[in-house]
Structure formats: C-alpha cells, structure tokens
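Just so it is clear: chains get the letters A, B, ... in the order the sequence lines come, proteins before strands, and each one is counted from 1. This is a predicted model, so every value here is computed, not measured.
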Number of protein chains: 2
Amino acid sequence: MPTIKDVAKKAGVTVTTVSRVLNNRGYISEVTRKKVYEAMKELNYQPNELARSLYRKKSYLIGLLIPNVSHPFFAELTSFIEYYAYQEGYKILLCNSGQDSSKEKEYIDMLKRHQVDGIIIGSHTLEAEQYLNVKLPIVAIDRYYSNIPYVASDNYKGGILATKLLIQKGCKKIAHISGPLILNTPANNRYKAFKDVATQEGVEHYVVETKLNSFEIEEFKKIVRDLFKEHPDIDGIFASGDLIAASVISVAKELNKKIPQDLKIVGYDDINVANLVVPSLTTVRQPIKEIARKAIELILRQIDGEKVEKENILPITLIERETT
Amino acid sequence: MPTIKDVAKKAGVTVTTVSRVLNNRGYISEVTRKKVYEAMKELNYQPNELARSLYRKKSYLIGLLIPNVSHPFFAELTSFIEYYAYQEGYKILLCNSGQDSSKEKEYIDMLKRHQVDGIIIGSHTLEAEQYLNVKLPIVAIDRYYSNIPYVASDNYKGGILATKLLIQKGCKKIAHISGPLILNTPANNRYKAFKDVATQEGVEHYVVETKLNSFEIEEFKKIVRDLFKEHPDIDGIFASGDLIAASVISVAKELNKKIPQDLKIVGYDDINVANLVVPSLTTVRQPIKEIARKAIELILRQIDGEKVEKENILPITLIERETT
DNA sequence: TAGATATGCCAACTATAAAAGACGTAGCGA
DNA sequence: TCGCTACGTCTTTTATAGTTGGCATATCTA
C-alpha cells in the first residue's frame, strides 16, 4: 500500500503539500494540485483512514448493536441506517448481540476500543451500569434507559388501533402475543393498550408472552398452538410483530381456521413479509425508514455536541389487509 | 478517554510496561502486573484499537459488501458471517451497494482506506478492472471473477433437482423465473439446469428474467402476473429465490389457482420465510450457515498468506414442503 | 513595497508497539 | 577477586501514517 510519502516523492513535492491537497487547506496552485492528483491516481493511493482518525480523534464509524440482523425488522432497519449513515460519510460496524447480555457488554467495549463516534443500540438485555460509563453518543431504538435518547414508534396508539380494529370487526375473545414483558421497553405499550382497550370494551382477552431469545419461527408456532389448545375459540389475535402474526396464519391453516372469518389477525411492524404472506397481513406500520433516519440524526447531532430530545416517538399507521 | 499514558502514570510505571502487560510480552513482575491492572480498571481504560491497528498494519476488520441486508437471504448470510467473524476476533463493516456499481466502487475504496484486512463480496454489478487492482484478500459469494476465490451452492444440481421434481409430480408446462442473466454468476446454473432438464424430458417450458435491481415484492408479483397473463396454463414454476416463489403463491391466490393441485412451486435458498408462508415452500436449500463459515475461513486463510482453492461449491438439499 | 499566493522544511502530535539499551544483581571461571 | 555473561525489570528510542503549525523562502500582483 502506498503512503503519503510515496505520493509526495512521485509528485516531486513534500508530504505537507500532498496533505494540503488532500485536505484543501492553505495555498495550492492548480499545477501542483494536478501533479499530486496524478501521482495519487498512478499509485492508486488511498489515504490511511486509521492514521487520520487517530489524529483527528474521529473515526466516522458508528456501531450498530442489535439482537440479530436475520430478523426482518432489524434487517430492514439496518439497511436504512446504513443508507443514511453512508450519506453523511459514516460507516457501520455491525454487531449482533444475540440477546446475550455478556456479548452485548463485550461488543460495547469493542466499539469503544475501535473509537466509534457513536452507538445505535436496538438490543435489549443490557443492564444500567454498562450503559452509564460509556461517555459516547448513544441512541436507543425501542428501549428506555435513564437519560439516553430513544426512538420508538407510537406503540400505545398502535396497540389501541389494533385492538379496536379487532373488536370493531366483531371479535369476542381476543389474545395478544407480546414480546418479553420483563424488559421495560416502549414495545410494552402495545400490551398496555391491548389491556386497556379490551377491559374498557368489556371483551374477553388473554395475553401470552414470547421468550427473550425466541426469534425462531418454530418457537412462535409452538406458542400459538399452545394458545389455541387452551382457548380454541379465540377469534382475534393482536401479535406484537409480523413474524409472530405470520406464524399465527400458518398455525390457523393447520387448525383449519378460516381467515378472516374464524380468526382475525393484526400484526405489528409492517415488514416486507407482511405483504407477502397469504392472506396478507393487517398490521400496524412502524415507519422503519424514519426511525433509521431519526436515529442517525440524533447520533450525528450528539457527535456535534448538541443536546437532543430524549423522547422521539414517530407516528404509526394501521394498514388493513386481508387478515381482518 | 484515558490513554496508556494515563494508566502508566496512575500505576507509577512507563507506558512500555503497561504495553507489556497488555500484550503479555517480556518480563513483568506480578506486583507490577497487578498495579497496572488496577490502574486500568480504575480508569476504565480501553486500548485504542486505531493506534494498535496502525502499528500492527492489521485492523481485524472485514468489509462485507452486499446488495442489500434487507433481503432475507443476505440478512441471514450477514448474521452468520458476523457470527463466525466475531468468533475469530474480527469485526464487520457493513456495506449495502444497492446493486449500484459506482457505489460499489466507492465502497471498495472506502474499505481500503479503512485498512480492512479483507473483503467478502456478495454484490454483483462490479466490473473486472475494479477488483483487480485491489491487492486485499477477497472472497466472492455467488460470483465468478477471474482468480478471486468464490463460494457458491451447487446451483446446477439444485436446478436439476427442482426441475425434475416439478416434472416428476406431473407438470406439463413449466416456467423458470431467473435472476438477471446478463451477469455471469453461478446462480445462472439454475437456469441452465432448468433448460437442460426440460429440454431433455421434452417438457414445454418458459423462462422469465427478473431485473437487476428488483428486490421489491411488488415487482416480483408483477412479473408473475405478466407470466400468467401470457401463459395461463402454466402448472409448475421453479423460482430462483424464495422471495420470488412466495410472490408466486400470492399471485396464484389472486388467480384462484390451487397449490399444489393447479400449480406447483419450487423455490431456492430456504430462507426462514420459506417455512412461514402458507402453503410452506418446497425449495432448494442453500447451506447459508456453511457458506458464511466457508467465506470467513477463506478470508482468514488468505489474510494468513495461504493460497486457497478458487472453487468452493457447497452441497444443496431439496426440501419438499407443501407447494409440490 | 506590501500583501497575497505558493511551496518547503522541521517539529510536534495522535496512541500504541517493539527493538534496543540501561541497570543492578547473581553466578561462574580464570 | 576481576571480568564476563545471564537475567529480570524497566526505560529510551524509533516506528506506524497522517495532520498541523510555525517559519522561511520564494514569486507574483496591485
């Protein structure tokens, strides 16, 4: 790999001049500039970003810590985050914590060692202490913690709309399949909204919880099968995620339940899969692209030393398709 | 952020001593070691990986260049690649090229500037020249190029099995929905196998091609609708990807075609979605996990200066589910 | 002739690593 | 007993690739 010295030698100037050309600083004649550019091209020179980062104390790296990219929601989110980061000249260091809090801790330390300029965290197991002694800019996605700013969709409203839709469409016995409720996350507002609406409307209702580590479709299916075993006459399900909702469709087929006649389903997220399954999923659309954009915006503003709002709630939309 | 100097000062030794403790090199008395560790702990010190990388000429970073993580196949692949990389102490810099060759070029330059130790490329638009002047270790996934080692599933055999299954199950008029055939990729062997088997067995057959940039479900559906408009009596489809196959299911429902009675479908990949849709997809399973493992293995061996085999074909499996 | 423009030179700086050297002590042979 | 080597521990110096600032030295222009 050629260094700035090789370029200087080839162009017949000093490293100072090359550095000036690279950074557009000081006075440079067009002739010299051209010579330097030509030398760089000939040598196929790429400035060593490590050395620059070291000096500037800025790496243009953002750490993205999520449970798992293989989950469509995080995959889509990651894609948009990468998109916006790239537009601003930042790069993404990808970390899958696998919902394992020790791996999460290790990853945060690793990201610090690599001098990332900020961390976007969409992972859920971490305890208080580990966040707090990180002085880096952080943005959480769908997660509360102390004074760390977070981005989330309007989960409570989403839960209201979903539950109301089921009742309005005539469901008499409804269930909610929630994420892990032990964690204090914004997503739990979906659960709260479900409870609130069902109680208020006087509709019989149940809640089942998915486990912390289950991203496996077979596990989701098992949960749904167990639910129907206990309550075969459930006629409406609000699932806290489209993947779970799709699993409900799959199990409903096994049990010969007609959708939406015998069973109505509302998901959450509106990932691409929601429009791919048959029947297509009615779901609460999270603005994934906007969540990504907001997260990047909040990180960059913190990197620039700005204070940012702690709460960043983005609007949801109820998308009615064929399962209701 | 505390530096090694701060630790040295706190422990009452020189930076060299701290460095020795950190790197387990040379002679260190237990007393000194303990003092240093205590100082590191007190200061919550994390060695600056940028400075280490600069000196060592090794970053422990691997660039991953793919069309888009939001596609489930790449999402699952990325997840495994990250998993194996992490096990070996490497980190992943994620780049979505969006199938745009200029962005691809920019990304490769960026990765070089960041001194990545190697690049895994699953992207498809890049031209010859741009690869060649990269002296970095590279591994391609599902892509041929000159003397760059690649990993791919046994596409030809997969195509054979898929096509034979359709014919064996009684299909009389079959179609293949391929990826973009302009690119010279291993995936085109699915197309070749389809042609070969259909011709050999004397079965009427058609091929439609998806466009380069279409990862959009609506685009897939449109392609399928057009196919059925032209050939309403097609009774078997081999789709070159599960997402396309799922789109076929969706369109078949629109057209009131019964699966598998009126229409049989075989996909390719066996992403999680294949088992989620209803009816569940018969598909050719690519060993995504093994592809990831192999790609990391090949990159690491190249980083260590080893020569590696150019061709790395991994076995596929036909998974029969409900669409055949 | 002053000021702007253009370039060079040198040193300091970023955080860490590693080779070489310094220092005191111990062991051993002549 | 002197001189040599070995040893363990720590320091000094140099290196990594690039940035920056001060200062010197030109040349050009108003």
Q: In sequence, state the C-alpha distance, the side-chain angles, and the governing distance for Glu38(B) and Lys34(B), and then conclude on salt bridge (Lys or Arg N to Asp or Glu O under 4.0 Å).
A: CA-CA 6 Å; Glu38(B) 263 163 33; Lys34(B) 210 169 174 184; 5.3 Å; no
Q: Measuring centre to centre across the rings, with the benzene-like ring taken for any Trp, is Tyr150(A) within less than 6.0 Å of Tyr144(A)?
A: yes
Q: Would you mind reading off the distance between Met40(B) atom CE and dA15(C) atom P, rounded to a whole angstrom?
A: 17 Å
Q: Under 4.0 angstrom, heavy atoms only, what part of the nucleic acid is Leu50(B) near: base, sugar-phosphate, or nothing?
A: nothing
Q: Just to verify, which of Gln46(B), Arg52(B), Lys91(B) counts as forming a side chain to side chain donor-acceptor pair (under 3.5 Å) with His114(A)?
A: Lys91(B)
Q: Mind calculating the distance between NZ (Lys58(A)) and P (dA15(C)) to the nearest angstrom?
A: 17 Å
Q: Kindly indicate, with the supporting measurements, whether the criterion ring-ring contact (aromatic ring centres under 6.0 Å, His included) is fulfilled by Tyr90(B) and Tyr84(B).
A: CA-CA 8 Å; Tyr90(B) 285 79; Tyr84(B) 286 114; over 10 Å; no
Q: With heavy atoms under 4.0 Å as the rule, sort Thr32(B) into base, sugar-phosphate or nothing.
A: sugar-phosphate
Q: Using the salt bridge (Lys or Arg N to Asp or Glu O under 4.0 Å) criterion, which residues pair with Glu309(B)? Sequence neighbours excluded.
A: Arg301(B)
Q: Please encode protein proximity along nucleotides 16-29 of chain D as a string of B, S and -, counting only heavy-atom distances under 4.0 Å.
A: BBBBB---------
Q: For Asn24(A) and dA6(C), give me the distance from atom CG to atom C1', rounded to whole Å.
A: 15 Å
Q: Report the distance from atom NZ of Lys34(A) to atom P of dA6(C), rounded to the nearest whole Å.
A: 16 Å
Q: Look at all strands and tell whether Gly12(A) reaches a base, only sugar-phosphate, or nothing, counting heavy atoms closer than 4.0 Å.
A: sugar-phosphate
Q: For Thr17(B), report the nucleic acid contact type (base, sugar-phosphate, nothing); a contact means any heavy atom under 4.0 Å.
A: base
Q: Let's go through Asp109(B) and Arg113(B) carefully: what are the C-alpha distance in whole Å and the side-chain angles of both, what is the deciding distance for salt bridge (Lys or Arg N to Asp or Glu O under 4.0 Å) to 0.1 Å, and is it a yes or a no?
A: CA-CA 6 Å; Asp109(B) 287 344; Arg113(B) 283 198 299 277; 5.3 Å; no
